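Residue numbers count from 1 along this sequence. The shown structure was predicted, so the numbers you read here are calculated from the model rather than taken from an experiment.
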Amino acid sequence: MADEAPFQFLHNEVIEYIYKSAEHGETENGRNITKLENMGFRVGQGLIERLTKDTARFKDELDIMKFICKDFWTCVFKKQIDNLRTNHQGIYVLQDNRFRLLSQLSAGKQYLEDAPKGPQVQLTCGFLQAQTRACPSGVIATTNHTPQLATSVHLSSIWLSPVAW
């Protein structure tokens, strides 16, 4: 519980920096979101290297997604993903019903539209892109109500198995 607070404070400060730099005209908001996503990618890479250094190679993309749902999500957010669904054609939907980075947002409808593409979620999208770097992917976040987060990971149909992570 003690290590939750520093992560939450750091995340809040990064979000505040993103908003302030956009307000002062330093860069446009879309560029700041990209910076945040890239930051999540770099942090995600470091975490995945640490978490998988003593594990065997993943057999397929389903093993990667199971690892993300159980081990990685637990390491970062202190809980497992609530639901993992797939169509067995490269699309995986990860659902977290109590996503703690959205828990401080109001449940109003105005926040529902902005939450999936906002900075509160983009760091996590960067994490997920780093986790699936063995195969080309796209990550799309959606939410029906806060603090629920559903993340769609679209993997390429070509599996690059030589990558050991």
Side-chain angles (χ1 to χ4, degrees), residues 3-19 21 27 29-86 90-105 115-143 147-156 158-165:
D3 56 343
E4 274 187 47
F7 177 75
Q8 190 74 27
F9 286 134
L10 177 63
H11 186 264
N12 289 343
E13 288 298 316
V14 169
I15 300 303
E16 186 175 338
Y17 171 76
I18 293 293
Y19 279 127
S21 61
T27 57
N29 195 31
R31 256 176 122 183
N32 283 332
I33 297 298
T34 303
K35 283 183 183 180
L36 190 58
E37 197 170 299
N38 289 338
M39 188 184 311
F41 185 86
R42 287 191 309 270
V43 171
Q45 277 182 317
L47 284 172
I48 195 67
E49 288 173 6
R50 278 191 150 185
L51 292 173
T52 60
K53 70 179 180 179
D54 295 329
T55 61
R57 289 183 182 214
F58 296 112
K59 296 176 193 165
D60 57 9
E61 58 194 34
L62 183 60
D63 282 346
I64 293 173
M65 299 311 292
K66 286 179 182 178
F67 175 81
I68 290 170
C69 292
K70 292 179 183 176
D71 300 323
F72 178 77
W73 212 261
T74 302
C75 176
V76 176
F77 299 110
K78 306 299 182 226
K79 66 183 282 298
Q80 290 185 3
I81 285 285
D82 295 315
N83 193 358
L84 170 66
R85 291 177 293 170
T86 182
I91 297 177
Y92 297 87
V93 178
L94 290 72
Q95 186 172 344
D96 187 343
N97 294 327
R98 290 176 291 135
F99 186 62
R100 69 182 191 158
L101 298 180
L102 288 178
S103 64
Q104 295 180 351
L105 287 181
K117 54 189 178 246
Q120 291 84 355
V121 175
Q122 294 308 311
L123 187 70
T124 304
C125 288
F127 285 163
L128 291 173
Q129 287 177 351
Q131 306 309 305
T132 58
R133 74 176 189 257
C135 42
S137 65
V139 178
I140 301 169
T142 58
T143 185
Q148 182 185 52
L149 176 71
T151 310
S152 299
V153 179
H154 301 263
L155 300 177
S156 172
I158 301 170
W159 172 249
L160 305 175
S161 58
V163 177
W165 294 38

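Across all their heavy atoms, D96 and R98 have their closest contact at OD1-N, 3.1 Å. Shown here for A130 and G44, the closest heavy-atom pair between the two residues is CB-C, 3.7 Å. Here the closest non-hydrogen pair linking L123 and M39 is CD1-C, 4.2 Å.
Summarising the geometry, atom CG belonging to L84 is positioned 6.0 Å from atom CE belonging to M65; distances are rounded to the nearest 0.5 Å. Rounding to the nearest 0.5 Å gives a distance of 12.5 Å between NZ of K70 and CD1 of I81. Taken from OG1 in T124 to CZ in F77, the straight-line distance is 3.5 Å, to the nearest 0.5 Å. Within the model, atoms OH of Y92 and CD1 of I64 stand 8.5 Å from one another, a figure rounded to the nearest 0.5 Å.
Checked against side chain to side chain contact (heavy atoms under 4.5 Å, CB included), L51 has the following partners two or more places apart in sequence or in another chain: F67, F72, C75. The salt bridge (Lys or Arg N to Asp or Glu O under 4.0 Å) check on D82 picks up K79, with sequence neighbours excluded. In this structure, Q45 has no side chain to side chain donor-acceptor pair (under 3.5 Å) partners at least two apart in sequence or on a different chain. Here Q80 pairs with nothing under the side chain to side chain donor-acceptor pair (under 3.5 Å) rule; sequence neighbours left out. Here F41 pairs with nothing under the ring-ring contact (aromatic ring centres under 6.0 Å, His included) rule; sequence neighbours left out.
The shortest side-chain heavy-atom distance between I48 and F127 does not fall under the 4.5 Å cut-off. A heavy-atom distance below 4.5 Å is found between the side chains of V14 and L36.
The backbone N or O of K66 sits nowhere less than 3.5 Å from a side-chain atom of D63 that would complete a donor-acceptor pair.
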request  = Might you work through the side chain to side chain contact (heavy atoms under 4.5 Å, CB included) test for L128 and T151, ending with a clear yes or no?
outcome  = CA-CA 9 Å; L128 291 173; T151 310; 3.3 Å; yes
